[in-house]
Q: 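Submitted below is the structure of interest, expressed as structure tokens.
Protein chains get the first letters and strands the later ones, always in sequence-line order, with residue 1 at the start of each.
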Amino acid sequence: MNYKDTVFLPRTEFPMRAGLPQREPEILQKWKDIDIYARLRAARKDAEPFILHDGPPYANGQLHIGHALNKILKDVINRSQSMLGKNANYVPGWDCHGLPIEWKIEERYRKNGKDKDQVPVTEFRQECRDFAAYWLDVQSEEFQRLGVLGDWLHPYTTMAYDAEATIAAELGKILMDGTLYRGAKPVMWSPVEKTALAEAEIEYEDHTSTTIYARFPVSQPNHPALADASIIIWTTTPWTMPGNRALACGNDIDYAVIRINEIDQGSHASVNDVIVLAEALLEDVCAAIGIAGHTKLHQLTGADCVGTIAVHPLADHGYEHDVPLFHADYVTTEQGTGFVHIAPGHGVEDYELAHLTHGVPVPDTVAEDGRIMEHLPLFAGMHVLRDNLKIAEMMAEMGGVIGIGKLVHSYPHSWRSKAPLVYRNTSQWFVSMESQGLRDTAVSELGKTAFYPPAGQNRLTSMIAQRPDWCLSRQRAWGVPITVFVNKETGEPLRDQAVIDRVVAAIREEGADCWFASDSSRFLGPNYDTDDYEKVTDILDVWFDSGSTHAFVLEDRDDLSSPANLYLEGSDQHRGWFHSSLLQSCATRGRAPYRGVLTHGFVLDEKGRKMSKSLGNVVTPQAIMDQNGADILRLWVVSSDYYSDLRIGPEIIKRMTDNYRRFRNTLRYLLGALNGYSDLEAVDYDAMPELEKWILNRLAELDVKIRVMTDKYDFHSIFTELHTLCNSDLSAFYFEIRKDRLYCDAADSVERRACRTVMKQLFDRLTAWLAPILCFTAEEAWQTRVDDSENSVHLRSYDPIPSKWANNSIAKRWDGIRRVRQVVMSALENARNEGKIGTSLQAALKVHVSADVEELFDGLDAASLFITSAAVITNLPAPEDAFKLDGINDVAIAFAMADGEKCARCWRITPEVTAEVDICKRCQKVVAAVR
RNA sequence: AGGCGCGUAGCUCAGUUGGUUAGAGCGCACGACUGAUAAUCGUGAGGUCGGCAGUUCAAAUCUGCCCGUGCCUACCA
């Protein structure tokens, strides 16, 4: 007879196959329908706030896997903090101003044959605004598709009028207190974009430079050996020669004075010329410029040379100034000639050495388009990047250059136009690191900040300690203007709070465009004459925008506050947002805008290589969402150690789907087992069998661990713990053991009810613990039971655990039991391999153990734990041929076939089954009750 | 080139203050079950702990050097 319909098999609507790519959007829609974000805010209205302040991504393209990692991590943190009962209000934001967007718009113009400079600035800015708005929408959709929960209806942007106004007000603060100053410095300049660039806007690529060896005839030697000699320098930037004002050597370097005796054909050098260069580089230089024979006249040190004055190589052609020779620590003999030419307008080191240290004036030689200025002889109008060979050849003809070559080297380029950059002396606006003690404040604030991982603290601190003043100005159009007036006569910026207030108020109403569109008088008011003041038209470094988010988001919004609990970004943001936010806040508030900083690594491919189109190893979040689902991606995030770099690729995604299935099937089994369960069925703790108490103890242990790990943002450990629970404790152990009871016991037996009571607890806890991670699947499972979309799993919290569940002695006891069980499993496998049994229910075991181990099994049904039909625990001596496992000496198993026949209902083998009755006594009872 | 990281089985990760034979899960192989079934259970094979050299009775763990790799900085004539 068939007893299958009398067995309580698991039943659930929750499918084994997830179909996440289809299902997730449906779940998202339900969340939207009930406005889960608003509900959560209302529910946590009075709870302790947890503020993870979103670092704004740049609104100019599709999301890549790094964005996904970043936002998923933030979401897991917010959801888990919410589960701890806090009000984790997450307000996403976007960085909208800046060069990359501006560049895109310019590109569009160029395609249409238009010139950006012909377009009114406000019109141009509007196009930038529209561009940012478009990508902001695209990205918002994609972030939401990842399951990221936040105030997507009211995100912040740096281009909102309120934001622009607050940014201008923030600038006003550092203008008023003197932190902001105007200075002239060589800055990285792009002749193509005609702007100074921030450090972050520069990238390095190989570039071929024309190199020259130039000769500087000594006019006032500081050492007799130098009389009538010429100092030889090597440079990769011939265009800086008009700007040359000095030379540098190293005190400790040995130099040689030589006479040229013989030259190769085609060499620019001249026989009988006397030149000076570093001893160590003599051979290299001779080879490079074609000196076939020379006589060494003298040897001297750099210290002997310092103080010498030379004349410019083109002294006879209009470059008549003196060229003094200084010492500089950074001069080496690795390359060149051991002498360095110093153009104070074209290098930071040059500027510091010649201008700051020795007071040499800084000439203006290069215009903003990269052309040599009109007032300069010979080279006026030539281009600093294109005409170097011409410059070199002209100089050679005039005897100022004795060698010309080429060098391929790494060189700074604009990150957008990819064009090479030059140093150019310009007037710029700076934030002083020292004048108001900004550097000290920032460093001291970092000492009070929690870093995850801790290494970030050193990294950021040493950057702040070493960085130069912050250059805030950009000669661009798309950004918040530097809303400053400069007195034409004195060159001093106007510091008047009333003026600043008028500007800020106007921007708040009309946006920052009004700065460009309005006449100065509107802001200057009646007390100043507009003719006396120049309106600055530079815009602010976008890092100042995003560095001010704490002001216009955390402070300006009623539902947030500053400082934030956490800033979380990729480790590149040590130099970026963590850095600029800290400086901005310290300059204006005297404190950091965050209490904690978490950094994650970068995403690499499966082999640890950078992702690139050329390698074809790019993994996009869109592809994973379409093929596997966002929950797979979320699982990947938490399964990785995100402090270091993380890897992703086909195999890793496959592993993630494997892990996912384990979680999903565990939930599915629980749901099936709980078919028809209600709390009326629940059994009190004290009435439960000990295995059930052991499970509850596991829940108590995990509850503590998960709370601690959540506070430490240690999701990888949570993932491991949950996986171990589902895999080892439940599927392979508890579920296996309790299958018989669940399927075959009387529905109302206390033991079966106890099992289901525990299963219900497992389900409740597990869905809550998984909810921050598998936000879709946890909801799907939860809804399978509650069937009430308003009762979302994400509105729940981690329920407190009854104190009596924690029971260490039960934990220890079952550790011992499982150790014995491990030997039993091996013994059964042994019998299986010998062909004695198939299913373990065919076995009857005698387990020989020590007396203390025997005690562990007191009051327990060993056969059910081993899933055999019979089992005896004894401390009698084991027979010789008993099964033992290497490394475990106190357990020996004597194997025997189970006695009796197979019960047709529960499949256990027992003598109770006879020719007349095909099922065991337990099953007889149950069947009788059911029918 | 400099600063800060990282490098433990095919994959993801554990390895406490240096202390037995380096662990787990997945995957893989083999097997079982056919009442979690495109599931589930069991057993097993996989590692010169990036390399070399030190310190030590003892090193995955401490030190130095090197290699690979990532982020950042510099680019220097």
Side-chain angles (χ1 to χ4, degrees), chain A residues 3-4 7-12 16-17 199-200 202 204 211 233-237 240 247-248 328 330-332 334-343 346-350 409-412 453 455-456 458-460 462-463 466-467 570-576 599 601-604 606-610 636 639-641 643-647 649 651-659 661-662 664-666 668-673 716-717 719-720 723-724 726-728 731-733 735-736 739-740 742-744 825-826 828-830 832-833 837-841 867 886-887 905-907:
Chain A
Y3 290 94
K4 186 158 178 168
V7 176
F8 308 114
L9 296 176
R11 261 177 44 199
T12 175
M16 183 142 61
R17 282 177 65 82
E199 292 131 65
I202 297 165
Y204 292 85
T211 61
I233 65 96
W234 178 71
T235 179
T236 58
T237 52
T240 59
L247 298 171
Y330 56 82
V331 176
T332 67
E334 280 168 21
Q335 237 184 342
T337 65
F339 289 105
V340 176
H341 111 90
I342 304 294
H346 302 299
V348 172
E349 283 175 336
D350 297 39
H409 60 149
S410 161
Y411 192 84
N458 265 338
R459 187 166 173 185
L460 191 47
S462 68
M463 280 179 186
Q466 287 168 16
R467 71 155 296 146
S571 61
D572 58 331
Q573 295 302 322
H574 285 106
R575 185 44 93 180
T599 54
F602 275 66
V603 185
L604 309 173
E606 222 149 45
K607 293 176 182 150
R609 299 171 307 182
K610 237 190 271 215
W636 165 73
S639 76
S640 305
D641 170 15
Y643 288 158
S644 53
D645 292 333
L646 15 186
R647 300 178 178 199
E651 172 168 5
I652 292 169
I653 294 166
K654 178 73 171 46
R655 290 292 86 78
M656 282 312 120
T657 61
D658 292 334
N659 285 324
R661 272 209 300 277
R662 170 51 80 199
R664 186 172 183 91
N665 282 326
T666 302
R668 181 165 186 267
Y669 191 74
L670 286 169
L671 283 165
H716 178 265
S717 297
F719 164 82
T720 306
H723 194 264
T724 301
C726 291
N727 200 51
S728 308
S731 193
F733 186 63
F735 290 170
E736 277 299 302
K739 241 180 216 175
D740 173 75
L742 199 59
Y743 294 179
C744 299
M825 290 301 139
S826 261
L828 289 170
E829 185 65 17
N830 194 46
R832 204 172 275 134
N833 289 338
I837 58 168
T839 165
S840 58
L841 285 173
I867 320 180
D886 272 359
R905 182 166 177 273
C906 72
W907 298 348

Q: Given the P atoms of B:G42 and B:U48, what is the spacing between them in whole Å?
A: 28 Å
Q: Are A:Ser639 and A:His716 linked by a side-chain donor-acceptor pair shorter than 3.5 Å?
A: no
Q: For B:C41, what is the paired nucleotide under Watson-Crick or G-U wobble rules, both distances under 3.5 Å?
A: B:G31
Q: For B:A60 and B:G54, measure between their P atoms and round to the nearest Å.
A: 15 Å
Q: Roughly how many Å apart are B:G19 and B:A58, using the C1' atom of each and rounding to a whole number?
A: 7 Å
Q: Measure from the side chain of A:Lys739, starting at C-beta and using heavy atoms only, and say which of B:C6, B:C11, B:A36 lies closest.
A: B:A36
Q: Please work out if A:Arg647 contacts a base, only the sugar-phosphate, or nothing of the nucleic acid, heavy-atom cut-off 4.0 Å.
A: sugar-phosphate
Q: What's the closest nucleotide to the side chain of A:Glu829 if the choices are B:U73, B:G42, B:C41?
A: B:G42
Q: Can you name the closest pair of heavy atoms from A:Arg905 and A:Tyr743 and give their distance?
A: NH2-O, 3.9 Å
Q: Quick one: classify the glycosidic conformation of B:G25 as syn or anti, with syn meaning within 90° of 0.
A: anti
Q: At 4.0 Å (heavy atoms only), tell me whether A:Thr211 reaches a base, stays on the sugar-phosphate, or touches nothing.
A: nothing
Q: Given the P atoms of B:G70 and B:U12, what is the spacing between them in whole Å?
A: 16 Å
Q: Please state the P separation for the pair B:A29 and B:U69 - nearest whole angstrom.
A: 33 Å
Q: Does a side-chain heavy-atom distance below 4.5 Å link A:Arg832 with A:Ser840?
A: yes
Q: Under the criterion of centre distance below 5.5 Å and interplanar angle below 30°, is A:Trp907 classified as stacked on the base of B:G35?
A: yes
Q: Could you identify the nucleotide paired to B:A1, looking across every strand shown and requiring Watson-Crick or G-U wobble geometry with both distances under 3.5 Å?
A: B:U73
Q: Which one, B:G70, B:C26, B:G5, comes nearest to the side chain of A:Arg655?
A: B:C26
Q: Using a 4.0 Å heavy-atom cut-off, does A:Arg905 contact any base of the nucleic acid, only the sugar-phosphate backbone, or nothing at all?
A: base
Q: Quote, to the nearest angstrom, the P distance that separates B:U8 from B:G51.
A: 10 Å
Q: Tell me which nucleotide among B:C6, B:U40, B:U37 gets nearest to the side chain of A:Met16.
A: B:U37
Q: Which nucleotide in the set B:C26, B:C41, B:A38 lies at the smallest distance from any side-chain heavy atom of A:Asp658?
A: B:C26
Q: Considering only B:G44, B:G3, B:A38, which nucleotide approaches the side chain of A:Ser826 most closely?
A: B:G44
Q: Give A:Met463 one of three labels, base, sugar-phosphate or nothing, depending on what nucleic acid heavy atoms sit under 4.0 Å from its own.
A: sugar-phosphate
Q: Looking at side-chain heavy atoms only, is the closest gap between A:Glu606 and A:Arg647 below 4.5 Å?
A: no
Q: State which of B:C72, B:A39, B:C41 makes the closest approach to the side chain of A:Ala732.
A: B:C41
Q: Both distances below 3.5 Å, Watson-Crick or wobble geometry, any strand: find the nucleotide opposite B:G7.
A: B:C67
Q: A:Ile652 has a side chain; which of B:C11, B:C71, B:U37 sits nearest to it?
A: B:C11
Q: If you assign each of A:His723 and A:Gly608 to its closest nucleotide in RNA chain B, which residue comes earlier from the 5' end?
A: A:His723
Q: Are any non-hydrogen side-chain atoms of A:Trp636 and A:Ile653 less than 4.5 angstrom apart?
A: no
Q: Which one, B:G70, B:U12, B:A38, comes nearest to the side chain of A:Ser640?
A: B:U12
Q: What is the pairing partner of B:A24, taking Watson-Crick or G-U wobble pairs with both distances under 3.5 Å in any strand?
A: B:U12
Q: Any heavy-atom pair between the side chains of A:Trp234 and A:Thr211 that's under 4.5 Å?
A: yes
Q: Across all strands shown, which nucleotide pairs with B:U61 by Watson-Crick or G-U wobble geometry, both distances under 3.5 Å?
A: none
Q: Just by distance, with hydrogens left out, do A:Arg662 and A:Ser731 show a side-chain donor and acceptor under 3.5 Å apart?
A: yes
Q: So what's B:U48 paired with, Watson-Crick or G-U wobble, going by both distances under 3.5 Å?
A: none
Q: Mapping A:His716 and A:Met825 onto RNA chain B by nearest heavy atom, which one lands closer to the 5' end?
A: A:His716
Q: Between B:A24 and A:Ser728, counting only base atoms on the nucleotide and side-chain atoms on the residue, is there a donor-acceptor pair under 3.5 Å?
A: no
Q: Please evaluate the base of B:C71 for a donor-acceptor partner in the side chain of A:Arg459 within a cut-off of under 3.5 Å?
A: yes
